[in-house]
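So the structure is just underneath, and the comments pick up after that.
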2 protein chains.
Amino acid sequence: MIQPTFPVLAPQRRELIRSLVRDEGIVRVEDLRQNLKVSVATIRRDLEILEENGRLQRVHGGAVTMENRMEEAVFDDKTNTASKEKSRIAEEACKLISTGDSVYLDGGSTTLGLARLLKDRTDLTLVTNSLRAATELADSGPKILLIGGELRRISQTMVGPLTSGVLGQVHVDKAFMGTMGFCLKSGLTTTDPNEAFVKNLVAAQAGQVILLADSGKAEKVSFARVSDWDAIDVLVTDAKLPKPFAKSLRKRGVKVLLA
Amino acid sequence: MIQPTFPVLAPQRRELIRSLVRDEGIVRVEDLRQNLKVSVATIRRDLEILEENGRLQRVHGGAVTMENRMEEAVFDDKTNTASKEKSRIAEEACKLISTGDSVYLDGGSTTLGLARLLKDRTDLTLVTNSLRAATELADSGPKILLIGGELRRISQTMVGPLTSGVLGQVHVDKAFMGTMGFCLKSGLTTTDPNEAFVKNLVAAQAGQVILLADSGKAEKVSFARVSDWDAIDVLVTDAKLPKPFAKSLRKRGVKVLLA
DNA sequence: TCGTTTTTGATCGTTTTTGAGAGAAATGCA
DNA sequence: TGCATTTCTCTCAAAAACGATCAAAAACGA
């Protein structure tokens, strides 16, 4: 590491941290403290600011680049963050499935939790675009139909226009969807347009559309627009969802279940 | 193993374990402990997290890749039988692939061997009905298109009429097919009619059809008829194939390669 | 210069991660 | 099969890292 001349101004120090993360891929709080000759509190504040600006991803003990986050942490993160809420949401959602249903399962960590609960449900027909869900239920469980399509590596799901080949030929009673963000004004959004395309296609033809999303995703807006709230029949989320939010949704005809 | 600089942050350590499993196919807890300089408890916790995220499969003493897991569970016999021949056949077949090709990969253990050889071939487009091939190449390698369809558990492939949705919309330069048996009189046969349906569909529209099969399958006949020899352009097999058999095939226009 | 704002460092209670140990389960071998 | 050994799971406590809060220090503007 290049030793800067002291003292260093705050913005300069943050820029240093940023480039360090970019070059090394990962930095430790303790290393930064020694090299920059400031207290850990300051380092933490810097990392917090940089994270807010989307320059890096904090982890316990330091920080990693966003690229790393994209490759691995996303999924790890997603499965760790709010995991309690997610498993409770999955359990609640599971109760909505009736005997003999044909069910669509979207990609994402919350829906993957639901997949795990279906290992003994041989009565169901499961349609999914999630490679992980399919692998999870590869040995036993429902009859599985995979929709085809291009494999999106980051989410391990099949996306894009090719998916319409299979989706056009099957009907599902209930579709369990995930999302990156949901917002009263903008509706549902996700990161990838191809992913949004599939969600849209499914939502348009499913008997009932059930959204699974922890409250941390409330009022978050991502890049690609998926659908408006009128496409959603039920939202299963956790109790931390602000009451006015739930009330507003109910007024718009969405049944809100708090797990 | 690449020795990291210590200490290592937890996410970094897990990523290291993950890539190690991916490359080696199997890791031992004790080896990880020594190399990563942490307690076995920590290693176990890491493996547990990685397993939850579907990144590997824990086994007594360590962990293996998801593909290995499925192999042992379902394909035990097939992967062990004639495995040397199969890997040589796969290597030979790999030579037939040109830069930028779009390639179809059929289900089965021989073709899975070929999939493993394609981890760095980002120039290719891979179309497949094999869940295991897709999982094998989930992190890196060619662009992957999965054909949809019903998941056949025993072979972990997508089969049936729904597959035509995607297959009808793509073209592949070379199709690498597996089979349960091949015979001069009956042509290619396999166990499941739905599986045969897909093979047929692919063979009908691929630029070149390449059959991968060890000599043990010669003159074996299974239940469902796939196709006749005129659909096959190349057969890649091992040297144990009886000479008259090869001669007879060449006379019928099939190029025979002995690996 | 003085008062205000911003930045920094220290402290404290909490959470997360880690390592060690005891008993259970799995494995290998006679 | 029975026995020894390894490996696993579970629990608990120590260590490390964290967030929140507050006061001191520095920077700033009038």
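Values in this document were obtained by computation on a predicted structure and should not be read as measured data. So that the names make sense, note that chain A is the first sequence line, chain B the second, and so on, each numbered from 1.
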Which residues satisfy the side chain to side chain donor-acceptor pair (under 3.5 Å) test with [X], sequence neighbours excluded?
| X | value |
| --- | --- |
| Ser140(B) | Arg22(B) |
| Glu24(A) | none |
| Lys119(A) | Glu136(A) |
| Arg55(A) | none |

Just list the side-chain donor-acceptor pairs under 3.5 Å for residues 122-129 of chain A, sequence neighbours left out, or say none.
residue: Asp123(A); atom: OD1; partner: Arg121(A); partner atom: NE; Å: 3.1
residue: Asp123(A); atom: OD2; partner: Gly100(A); partner atom: N; Å: 2.9
residue: Asp123(A); atom: OD2; partner: Arg121(A); partner atom: NH2; Å: 3.4
residue: Thr128(A); atom: OG1; partner: Leu105(A); partner atom: O; Å: 2.7
residue: Thr128(A); atom: OG1; partner: Ser130(A); partner atom: N; Å: 3.0
residue: Asn129(A); atom: OD1; partner: Tyr104(A); partner atom: OH; Å: 3.2
residue: Asn129(A); atom: OD1; partner: Gly107(A); partner atom: N; Å: 3.2
residue: Asn129(A); atom: ND2; partner: Met158(A); partner atom: O; Å: 3.3

#### Entry: Pairs satisfying salt bridge (charged side-chain N to carboxylate O under 4.0 Å, His left out), at least one member in residues 187-197 of chain A, at least two apart
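Sorted pair list: Arg152(A)-Asp192(A), Arg152(A)-Glu195(A).
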### Task
Go along nucleotides 16-24 of chain C 5' to 3' and tag each nucleotide: B for a protein heavy atom under 4.0 Å from its base, S when only backbone or sugar atoms are that close, - otherwise.
SSBB-----
Starting from [atom2] on [N], measure out to [atom1] on [X] and report it in whole angstrom.
| X | N | atom1 | atom2 | result |
| --- | --- | --- | --- | --- |
| Leu32(B) | dT7(D) | CG | C1' | 14 Å |
| Gln34(A) | dG9(C) | CD | C1' | 17 Å |
| Glu52(A) | dG19(D) | CD | P | 12 Å |

### Query
Do the non-hydrogen side-chain atoms of Ile144(B) and Arg153(A) ever get within less than 4.5 Å of each other?
yes
### Query
Contact class for Arg28(B) vs. all strands (heavy atom < 4.0 Å): base, sugar-phosphate, or nothing?
sugar-phosphate
### Query
Arg58(B) near the nucleic acid: base, sugar-phosphate alone, or nothing, with a heavy-atom cut-off under 4.0 Å?
sugar-phosphate
### All stems with DNA chain D, defined as three or more consecutive Watson-Crick or G-U pairs under 3.5 Å
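The stems are C:1-30 with D:1-30.
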### Message
On DNA chain D, compare the nucleotides closest to Glu30(B) and Glu48(B); which residue's is nearer the 5' end?
### Response
Glu30(B)
### Query
ring pair (Phe, Tyr, Trp, His ring centres under 6.0 Å) with Phe245(A): which residues, sequence neighbours excluded?
Phe182(A)
